[in-house]
Amino acid sequence: MPEAQQGTRRASRSASAPVPSVGRLVHYSTDPDGAVRAALITDVHDDDSTADLLVFNQVAPYAHPLPGVPFAIEPSPGHYNWPPRA
């Protein structure tokens, strides 16, 4: 996909998509291989898309803060997205 289209895909959100808010659980993509971690939104920036996250480690019983994470409609490394509906 051309770089210009990727930026648009990541930045835009459909009208029916949830609005990020403090306390919501999201998925944080860690690498291109598709690994994801559960994360909690701890703050939402003024653009209503970028958020500060508390990312939970899959192995050890701790979490680490990650500030300024951008939203992506689909999983993309370094971005958060909404979990699929069950």
Side-chain angles (χ1 to χ4, degrees):
M1 176 176 288
E3 191 64 31
Q5 289 180 351
Q6 283 184 356
T8 302
R9 188 182 93 216
R10 290 180 183 155
S12 63
R13 181 178 25 225
S14 71
S16 63
V19 176
S21 59
V22 173
R24 301 287 304 269
L25 291 174
V26 295
H27 283 174
Y28 174 72
S29 298
T30 59
D31 60 47
D33 295 329
V36 297
R37 299 286 181 260
L40 180 71
I41 296 177
T42 59
D43 192 24
V44 178
H45 295 222
D46 290 338
D47 65 4
D48 287 334
S49 178
T50 305
D52 296 344
L53 304 178
L54 186 63
V55 180
F56 298 97
N57 189 317
Q58 187 173 349
V59 179
Y62 67 88
H64 63 276
L66 198 56
V69 180
F71 171 80
I73 293 172
E74 296 181 22
S76 180
H79 292 71
Y80 76 92
N81 63 286
W82 296 106
R85 293 183 182 229

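Just so it is clear, the values below take in all heavy atoms, side chains as well, and ignore hydrogens, waters and symmetry mates.
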Locate the shortest heavy-atom distance separating [X] from [Y]; write the atom from each residue and the value.
X: His27; Y: Pro84; value: CE1-CD, 3.8 Å
X: Val59; Y: Asn57; value: N-OD1, 2.7 Å
X: Ala51; Y: His45; value: CA-CD2, 4.0 Å
X: Ala72; Y: His79; value: CB-CB, 3.7 Å
X: Asn81; Y: Val26; value: O-CB, 3.5 Å

Membership question, hydrophobic clusters at under 4.5 Å side-chain separation (ILVMFWY): are [Y] and [X] in the same one?
X: Val55; Y: Val36; result: no
X: Ile41; Y: Phe71; result: yes
X: Tyr28; Y: Leu25; result: no
X: Ile73; Y: Tyr80; result: yes

Exam field: side chain Asp47 to backbone Ser49, donor-acceptor pair closer than 3.5 Å: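 The answer is yes, because a donor-acceptor pair under 3.5 Å joins these two groups.
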
Quick check: does any side chain N or O of Thr30 sit under 3.5 Å from a backbone N or O of Ala35, one acting as donor and the other as acceptor?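 Flag set: sc Thr30 to bb Ala35 pair under 3.5 Å.
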
Flag side-chain contact, heavy atom, 4.5 Å: [X] against [Y]:
X: Asp52; Y: Pro67; result: yes
X: Ser76; Y: Ser29; result: no
X: Val69; Y: Thr50; result: no
X: Phe56; Y: Leu40; result: yes

